[in-house]
Amino acid sequence: MSASHASYIKPGIVLDMVKSIIPELTTDLHKGMMGRVVVVGGCKEYTGAPYYAAISSLKLGADLSHVFCTEASAPVIKSYSPELIVHPILDHSDVETEADQWLARMHAVVVGPGLGRDKTILEHAKDGLHLVTEFPDVVRGYKKAILTPNVVEFSRLYNKLFNEQPDRSEPIVCLTKVCRELGNVTIVQKGEVDIISDGENVLVCSNEGSPRRCGGQGDLLSGTMGTFTHWAHTAQSKGIDK
Ligand SMILES: NC(=O)C1=CN([C@@H]2O[C@H](COP(=O)(O)OP(=O)(O)OC[C@H]3O[C@@H](n4cnc5c(N)ncnc54)[C@H](OP(=O)(O)O)[C@@H]3O)[C@@H](O)[C@H]2O)[C@@H](O)CC1
Ligand SMILES: Nc1ncnc2c1ncn2[C@@H]1O[C@H](COP(=O)(O)OP(=O)(O)OP(=O)(O)O)[C@@H](O)[C@H]1O
């Protein structure tokens, strides 16, 4: 695997990098400082995906975890856990006004788990990997954005941007090309080996995981990344990240 102009981060140092951003629990913290995360997703068919994402952000260490979902999915998602704050707003006509009241206070927004394909809801949510594929300008140039496509979602995105299929023998070249095309957003391309890049730096994670491929593993990943993202930006602003 090769990619011109990209620098490779040594996998061995990743644990130290991650440790450096985990905030210390101290008695001067107040509720919310460890993270207020919102998951945008949940529709009639999919209630598990937003739950997995929201509960994993909380279990990792965020203080408050919200879900923006549709009316039909809200009672179901609420019933899974009293810890989640569930807003049944995605199919409301004034969703943007309702969402804005909360979004201003959030540290991270995870868009997509169980969002489904309803055009009105996708239009309201203004995002999700499917919508990024349809309208790449939604994230173009927003360097804080992290996309987590699986193999199929990455191929669809690549095809949309370059009108051809990615070359499976050159995954890093293809990945960095997409990151750069989207203005250096970060992409975590999931698979047997996870490849992470912002178009300039590349990290290949080949640690062995479970061979079981059940649904929902990507949702757990996106939820935990919501919390990690908040911690990473906080550590960076304090200059304590490695
Ligand atoms: N409990 C819940 O509520 C859950 C809800 N979820 C929600 O479901 C929604 C749809 O998500 P999705 O990923 O299943 O649908 P989509 O993108 O159409 O892909 C399906 C197609 O892609 C293929 N395929 C997939 N992976 C592949 C791979 N690695 N390598 C190769 N092929 C692969 C696969 O091909 P096949 O194996 O059938 O030939 C199939 O045709 C989404 O909103 C999500 O959030 C899930 O999070 C699960 C838990
Ligand atoms: N073939 C594989 N071998 C080992 N790990 C894998 C493999 N494919 C994916 N993974 C891991 O599983 C996690 C979820 O990736 P996956 O491709 O299942 O996402 P997804 O299809 O978006 O999930 P979801 O079912 O939540 O929508 C990633 O962290 C990735 O590292």
Side-chain angles (χ1 to χ4, degrees), residues 1 11 14-15 18 37-57 59-60 65 67-70 72-81 84 86 88 90-91 109-134 145-160 165-169 171-172 174-175 178 186-197 202-229:
M1 292 192 282
V14 172
L15 204 54
V18 173
V37 178
V38 60
V39 173
V40 182
C43 60
K44 194 170 65 178
E45 293 86 0
Y46 305 126
T47 56
Y51 165 75
Y52 290 139
I55 203 73
S56 42
S57 73
K59 284 185 186 290
L60 178 66
S65 189
V67 179
F68 291 174
C69 58
T70 59
S73 60
V76 183
I77 299 168
K78 277 178 201 275
S79 73
Y80 296 150
S81 168
L84 303 180
V86 181
L90 283 189
D91 40 4
V109 183
V110 178
V111 185
L115 200 51
R117 296 286 151 86
D118 183 291
K119 282 205 173 350
T120 314
I121 290 167
L122 281 176
E123 177 57 26
H124 284 170
K126 293 273 184 277
D127 211 324
L129 258 171
H130 179 64
L131 208 67
V132 171
T133 306
E134 291 294 310
I146 305 173
L147 309 180
T148 61
N150 63 24
V151 173
V152 175
E153 290 162 334
F154 182 79
S155 295
R156 287 189 198 126
L157 181 58
Y158 191 95
N159 186 252
K160 174 73 183 184
Q165 288 304 314
D167 178 353
R168 292 274 164 101
S169 67
I172 294 180
C174 293
L175 177 62
V178 173
T186 296
I187 300 183
V188 179
Q189 193 191 343
K190 301 176 289 191
E192 185 174 357
V193 169
D194 293 329
I195 313 174
I196 306 164
S197 181
V202 177
L203 175 64
V204 179
C205 177
S206 52
N207 291 30
E208 194 180 343
S210 165
R212 182 124 195 271
R213 299 268 61 83
C214 57
Q217 293 176 337
D219 304 319
L220 302 181
L221 177 76
S222 62
T224 48
M225 282 180 60
T227 302
F228 272 130
T229 301

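Atoms within each ligand, like the ligands themselves, are counted from 1 in listed order. The model shown is predicted, which means the values in this text are computed figures rather than measured ones.
The nearest non-hydrogen atom to atom 3 (N) of ligand 2, considering only E192, Q189, R212, K190, comes from E192. Within the set G218, G223, G191, A53, the minimum heavy-atom distance to atom 14 (C) of ligand 2 is found for G218.
Ligand 2 is approached by G216 to a heavy-atom distance shorter than 4.0 Å.
Nearest protein neighbour of atom 13 (C) of ligand 2, counting heavy atoms only, is Q217 CB, 4.0 Å. For atom 4 (C) of ligand 2, the closest heavy atom belonging to the protein is R213 NH1, 3.2 Å. In this structure, atom 27 (O) of ligand 2 lies nearest to the protein heavy atom D219 OD1, 4.2 Å. Protein heavy atom nearest atom 17 (O) of ligand 2, with residue, atom name and distance: N150 CB, 3.4 Å. What sits closest to atom 30 (C) of ligand 2 on the protein, heavy atoms only, is D194 OD1, 3.4 Å.
Remark: the backbone N or O of I77 is not paired with any side-chain donor or acceptor of S81 at under 3.5 angstrom. With hydrogens and angles disregarded, a donor-acceptor distance shorter than 3.5 Å links the side chain of Q217 to the backbone of R212.
Residue-ligand proximity, G215 to ligand 2, at heavy-atom distances under 4.0 Å covers atoms 25 (O).
The distance from atom CG of N150 to atom CD of Q189, rounded to the nearest 0.5 Å, is 9.5 Å.
Counted by atom type alone, T224 and T227 present zero donor-acceptor pairs between their side chains at under 3.5 Å. Between the side chains of T148 and S222, no donor-acceptor pair is found at a separation under 3.5 Å.
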Report every pair formed by an N or O atom of ligand 1 and a protein N or O atom separated by less than 3.5 Å, giving atom names and the distance to 0.1 Å.
unit_1: ligand 1; atom_1: 3 (O); unit_2: G48; atom_2: N; d: 3.2
unit_1: ligand 1; atom_1: 3 (O); unit_2: A49; atom_2: N; d: 2.9
unit_1: ligand 1; atom_1: 17 (O); unit_2: R156; atom_2: NH1; d: 3.4
unit_1: ligand 1; atom_1: 45 (O); unit_2: G114; atom_2: N; d: 2.8
unit_1: ligand 1; atom_1: 47 (O); unit_2: D219; atom_2: OD1; d: 3.3
unit_1: ligand 1; atom_1: 47 (O); unit_2: D219; atom_2: OD2; d: 2.7

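Between F154 and P149 the shortest heavy-atom distance is N-CB, 3.6 Å. For C69 against G41, the heavy-atom pair with the smallest separation is CB-O, 3.4 Å.
Legend: residues meeting ring pair (Phe, Tyr, Trp, His ring centres under 6.0 Å) with F68, ordered by chain and number and at least two apart, are H87. Take F228 and apply the ring pair (Phe, Tyr, Trp, His ring centres under 6.0 Å) test, not counting sequence neighbours, and it matches W231. With sequence neighbours left out, the side chain to side chain contact (heavy atoms under 4.5 Å, CB included) criterion links Y46 to C43.
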